[in-house]
There are 2 protein chains.
Amino acid sequence: MADTSSADGTVGKALSVLDLVASFGRPVRFAELQTKSDFPKATLYRFVQTLTNQGMLAFNPETQTYGLGIRLVRLAHGAWRQSSLAPIAQAHLDALSLELSETVHLAQLDHGQVLYVDKRNAANPLPMYSEAGKVGPAYCTGVGKAMLACLDDATVQDIIAQQSFHRFTPTTLTSAEALLAELKDIRADGHSFDREEHEPGIICVAVPIITERGRLLGALSVTSATTRTTLDQLEHHAPRLKNTAKAIAAEMSAWRFPDQTLTPAAAE
Amino acid sequence: MADTSSADGTVGKALSVLDLVASFGRPVRFAELQTKSDFPKATLYRFVQTLTNQGMLAFNPETQTYGLGIRLVRLAHGAWRQSSLAPIAQAHLDALSLELSETVHLAQLDHGQVLYVDKRNAANPLPMYSEAGKVGPAYCTGVGKAMLACLDDATVQDIIAQQSFHRFTPTTLTSAEALLAELKDIRADGHSFDREEHEPGIICVAVPIITERGRLLGALSVTSATTRTTLDQLEHHAPRLKNTAKAIAAEMSAWRFPDQTLTPAAAE
DNA sequence: AAACTAAGTTTCATTATTTGGGACTAATTT
DNA sequence: AAATTAGTCCCAAATAATGAAACTTAGTTT
C-alpha cells in the first residue's frame, strides 16, 4: 500500500520532489530537503539537479537554496489559458468587480478542494488571503458549498469523506450533517453564503456556474467584510451573480473551442 | 550537440511533453500530440499516462483531450509565494494602481524574456493582453528595457543575441544598436518608456527594482493607452514608481526570509 | 453487415537508465 | 589541525524505460 501517487516510475518520484520543495513554502537548502525525504542522498541530489536544469526548480547561488522554478509559472499560465473557464470569465469578473466595488473570486473544484482560478480585488482590498492558484476547503467557503450543491449525492459523499471539518471560526460547519442540510437550502436558493465560516469578519455570496445540462463548471463569489456590509446586503448581489454565471456558461458552450484556425506560430 | 534541455534522462523527456501540450494553447487529442512529437507512439503514450496520473496533465473524457493539469497551477502558486519579490510587492501594487488609477505590472527577467509575475488592472481595464505568468519580449516592452539597462554589458549582449527584433509596430526598435542606444538613456533617466513598441496605442513608463548593491530584482510599470494619456503625462508617475521600487527593494533585503518560525502544518 | 480504417492501448524481450553505498571535496566548527 | 557537516561524484548491480508489433475498440465505407 502507500504510494498512491508516486507509483509511476522515475518521473513520479522526480515530481514528488517538486511537492517537497513546495511544502516548505520558502526556498530551502539541499540538506533540509534530505531530512524530509526518503530518497537516498545521491538520488535526491540527482533529482534536484535534473529539476533545476529543467527550470522546474530554481537554485539561488547567493543563499544556496532551491525554490520552485519559473517554468512552473509559465506552464501554469498555459493551464489557465487552456482551461476554457478562466479566460472566458475574465471580462465578466472585471465587470462584476467594477460594478459592485467588491472582491470577486472565480473558483473550480479539484479533488474535493476549492481552487481559486482568478480574482479581482475591490478598489480597497480586503486583508484576506486568497490568490489565483490557491486551494481552500470546500465545506466552509461560499464557492465550495455552491459547487457541492450541484453534484449528485454519490459525488458529494465522496467529497465529504475528504473534508477535515476543521473549526476555523465559531460559525464553521463541522459535520457532514450540517453541511448536507445547508446544501439543500443552497439548491433551493441557487446561491450560498459564507457566514464568516473560514475567516472571521469575511463574508460572501456565491453562485455555481453550470451548463444548461447541469454540468458543474465552477463558481463565482462576491466577498466582503462584516465591517463593511451585511449578509442581507450581499444577498442583493445574488441575481447579478446568477446572470453573470449564466452568461459565462453560455459563452462556454457556444465556443465549443475555436478549432485552431489561428496558428500559434509567430512567436519564436 | 542538439538537446540542450531535454538532456536529462527520462524526467526531462517527460517534462518536454508538458511543453508540447502547452504549445497547442488548447486541449489536444493524443493523435495530435503524436504528429508533433518525435517519441514513438508507445513511449509518448506512457508519458502522457504518467503525467495525467500525476496531475500534471488533465484528461477530459468528454472531448478525449489532454490539457495542462491543475497540479501545475498549485505548484505555480507555490512558486509565486516562494519568490520573495511577488508577495512583497503585492501591497505596493495595490497602492500604486489605486493611486494612479492605471494598470500596473510587476515583471521579472527569465531567459532573456520578460515574465509578468503580477498585475493590477485599472478600474477601467485596457484591451491589452498581459497576465500573470505570461512571457513577453524584452526589447520592446517598458519593463524589459528597464531591466536590461541594469545589467552588465556581457549579460546584455547575451540577452540581445536571444531577441528576435520582430517589428510589432512602426515604433518597435528593430536592431541591437537602437536598443543599446536607448539603454544608455534609460540608465541616465532611471526609467524607460514603451512608445507603442509592442502594441499599437499602448504606452507605459517602467522602472527597475534593484537592491542597494545593484542586483536586479525585477521591474515595475504603469501602463495606459494613447487614447487616455500621453507619454509626458505618464512620465510624471516616474518618481512615484521609483519610490515604490525602492521600498520593495528595501523590504526584500530587510526580510532576509522569515526562518520558518511559523509552521505550515494546520492544513491537512 | 462485412470489410476497411484510424485512434487508442497493451505486450514483452531488449536496452539503457536509474539506483545508492560509499568515496571524495569543500566549508565550517571545535 | 582535527573533526564535523554539507555538498558532489562514481560505478557495478538492479531496475525501469523503450518501441516494434500485436491487439482492441470505435468510426467509416463499400
Side-chain angles (χ1 to χ4, degrees), chain A residues 1-21 23-24 26-69 256-257 259-260, chain B residues 1-21 24 26-54 56-69 256-257 259-260:
Chain A
M1 45 219 85
D3 309 82
T4 22
S5 53
S6 64
D8 357 47
T10 314
V11 175
K13 291 181 214 165
L15 293 178
S16 77
V17 174
L18 290 180
D19 289 331
L20 180 63
V21 174
S23 73
F24 282 82
R26 61 180 169 83
V28 273
R29 302 184 64 106
F30 175 75
E32 299 182 270
L33 289 175
Q34 216 199 160
T35 63
K36 293 281 180 186
S37 169
D38 292 333
F39 295 120
K41 188 158 64 154
T43 303
L44 181 65
Y45 183 73
R46 232 174 318 98
F47 280 142
V48 169
Q49 290 286 95
T50 304
L51 291 168
T52 303
N53 260 315
Q54 291 289 325
M56 302 296 278
L57 292 180
F59 181 65
N60 181 340
E62 286 187 44
T63 56
Q64 303 257 95
T65 54
Y66 296 90
L68 294 171
R256 267 275 169 235
F257 52 90
D259 269 326
Q260 87 221 66
Chain B
M1 47 215 87
D3 307 86
T4 24
S5 54
S6 63
D8 358 48
T10 313
V11 175
K13 291 180 213 165
L15 294 178
S16 77
V17 174
L18 290 181
D19 289 330
L20 180 63
V21 174
F24 282 82
R26 60 180 170 82
V28 273
R29 300 187 63 105
F30 175 75
E32 299 182 89
L33 288 176
Q34 210 192 280
T35 62
K36 292 281 180 183
S37 170
D38 292 332
F39 295 120
K41 188 156 68 152
T43 302
L44 181 64
Y45 184 73
R46 231 173 322 96
F47 280 142
V48 169
Q49 291 286 94
T50 304
L51 291 168
T52 303
N53 261 318
Q54 291 289 325
M56 302 297 279
L57 291 180
F59 181 65
N60 181 340
E62 286 187 42
T63 54
Q64 302 258 95
T65 53
Y66 296 89
L68 293 171
R256 268 272 170 236
F257 52 86
D259 270 327
Q260 89 223 65

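These figures come from a predicted structure and were not determined experimentally. Reminder, nothing fancy here: chain letters follow the sequence lines and each chain counts from 1.
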Interatomic distance, CE@M56(B) vs CG@L15(A), rounded to 0.5 Å, equals 5.0 Å
Interatomic distance, CD@Q49(B) vs CZ@F30(B), rounded to 0.5 Å, equals 8.5 Å
Terminal axes of the helix from dA1(C)-dT30(D) to dT30(C)-dA1(D) (5 end pairs apiece), angle rounded to 10 degrees, sit apart by 30°
*Give the first and the last nucleotide of DNA chain C, reading 5' to 3', that has any atom under 4.0 Å from a heavy atom of chain B.*
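Counting from the 5' end, contacts occupy dA7(C) to dT18(C).
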Heavy atoms only: give me the nearest [X]-[Y] pair and the separation to one decimal.
| X | Y | result |
| --- | --- | --- |
| L51(B) | A14(B) | CD1-O, 3.4 Å |
| L57(A) | V21(A) | CD2-CG2, 3.8 Å |
| L44(B) | L33(B) | CD2-C, 3.9 Å |

Atom pairs under 3.5 Å, N or O on each side, protein against nucleotides 18-20 of chain D: can you list them with distances?
unit_1	atom_1	unit_2	atom_2	d
dT18(D)	OP1	K13(B)	NZ	3.2
dG19(D)	OP2	T43(B)	OG1	3.2
dG19(D)	N7	R46(B)	NH2	3.1

ask   = Is the closest side-chain heavy-atom distance between K13(B) and V11(B) below 4.5 Å?
value = no
With a 4.0 Å cutoff (strictly under), does any side-chain N or O of Y45(A) reach OP1 or OP2 of dG7(D)?
no
5'-most contact on DNA chain D (nearest-nucleotide basis), V11(A) vs Y66(A), goes to Y66(A)
Q. Between dA6(D) atom P and E32(A) atom CD, what is the distance in whole Å?
A.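 Spelled out: CD on E32(A) to P on dA6(D) is 10 Å.
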Rounded distance (Å) that lies between atom P of dT15(D) and atom CG of D8(A) |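 The distance from CG of D8(A) to P of dT15(D) comes to 18 Å, rounded to the nearest Å.
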Review item, side-chain donor-acceptor pairs of residues 34-42 of chain A, under 3.5 Å, at least two apart:
unit_1	atom_1	unit_2	atom_2	d
T35(A)	OG1	E32(A)	O	2.7
S37(A)	OG	F39(A)	N	3.1

Worksheet entry | Those residues that, when tested against F59(B), pass side-chain contact (heavy atoms from CB on, under 4.5 Å) (two or more places apart) |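 T52(B), P61(B), Q64(B), Y66(B).
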